[in-house]
Structure formats: C-alpha cells, structure tokens
Amino acid sequence: MGTELDVRRADKSDFDALMTALSTAAPDEAVTEWMMRGHPAKQFLDVYLPEIIERGLAEDEIWVAGAAGEIWAVSVWQAVDSVERLHAEAATVREQADRAPDVVPLQRSAYVTELLAREHPRRFPHRYLELIVTVPQYRGRGAGAAILGHRTRALAAAGMPAYLEASTERSSRLYARHGFVRIGEPFSLPEDGPTLIPMWFEA
C-alpha cells in the first residue's frame, strides 16, 4: 500500500520549504542544468530560485505534493492572458543579462526566455506549466504525477487549457498520460542543450 500524497497550493508560509525543495530538485532538471553548466550552481540558484518562488506566490500558482508535511515535488503554473506578459518577462531577463555579459547562466536564461516567448502558443487565456521538479530522494513515488492529475482535473472542470515544454522524452510520456499532446515542432537549445517538446492540454 503506497503513501497517500497530499496536493495543495503553496502560500507565503511555505517560502523556506520551497527554497529547500527547489535547491535540491532543480539543479539536474534539463533546462536548469544546461543554463548552469560549467558554472557554480549555488551562486546562480541563490538569485534565480527566490525570484521564481516570489513571482509564483504573488502572481501565479505554486502547487506542491508530499506526505507527512514534507514537500516532495514543486510545480509553478503561470496564468497567461496575453503575449505581452511573455515579451515583458523576456525583456526583463535580457536586461539582467546585458548588465552582466560575462555571466553565462544569465545569457542562457535570456536566450531560452526569448525563444519560449516567440514559440509560445497564441491562444489565451491558458495555464503555463513553467516548472515541475521532484526532490531526488522522492523520485519515482508519484509526487509529480499527483500534481499533474490534480491540476488537469481542475483545469478540465474549469474549461481552461494548458501548455508546457517537456525537456525529455521520458517527461513527455508522463505529460501525455495526463492529457497533453504534442504540438508544433520541437526546438533544441544550443551548446548541447536539451530539445524542448511543446505540448498542449485541451480542457
């Protein structure tokens, strides 16, 4: 009999726990690993992760899964209502990168943010699964799938579609099991980066 997982929306009181979970789970996520490759991970994550968490809690939704009060998996779902938001975020990251031209992770972050803004579907509104990661010691125990099942059921009930880019073939199969289908052509990141697979959930 497996552990019963709790899926819930995180709030401001979860900030420290979210930092701990993401600091452990994010470094080997395919896109994050590519962005930080060859550079000190902690230095970049100490800036990058708080921004993701603060924005997710304030403007979007962070959903977590776990048991016994622990966070096993974290996901960030953006509410995307227009193309302007995508371009504004890309412009902000580009400005940061231009101020630090020697910081390669920032240059890669700007590149991928601009790419995703160009390639993002122009059907609004929808939810964008920006990030979903599982703490290494809890991988293979269904936490990520629990979040996906919970959220896709809620999205279907609300008539709200969703979008994501799978960063591995393995993750694309998990998303497919929860109703996401491939759309358009995959696009590969430079410098031996991962190939991203666009996928859409039709509520």
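Because the structure is predicted, anything quoted here is derived from the model rather than measured.
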So, R55 side chain and E51 main chain: donor-acceptor pair closer than 3.5 Å or not?
no
Can E61 and R127 be counted as an ion pair, charged N to O under 4.0 angstrom?
no
Is it true that a side-chain atom of S109 and a backbone atom of P105 form a donor plus acceptor pair closer than 3.5 Å?
no
Decide whether S172 and R182 meet the rule of one side-chain donor and one side-chain acceptor closer than 3.5 Å.
yes
Is a salt bridge present between R85 and E89, judged by a nitrogen-to-oxygen distance below 4.0 Å?
yes
Okay, side chain of E191, backbone of G193: is any donor-acceptor separation there less than 3.5 Å?
no
For the side chain of S23 and the backbone of T20, is there at least one donor-acceptor N/O pair under 3.5 Å apart?
no
Assert yes or no for the condition that the ring centre distance of F124 to H126 is strictly below 6.0 Å.
yes
Just by distance, do the side chain of R108 and the backbone of L189 share a donor-acceptor pair under 3.5 Å?
no
In terms of relative ring orientation, are W63 and H150 parallel, tilted or perpendicular, with 30° and 60° separating the classes?
tilted
How about E185: does its CD atom have over 12 heavy atoms from other parts shown lying under 6.0 Å from it?
no
Regarding R8 and D14, does a basic nitrogen lie under 4.0 Å from an acidic carboxylate oxygen?
yes
Aromatic contact, Y128 with H120 (centres under 6.0 Å)
yes
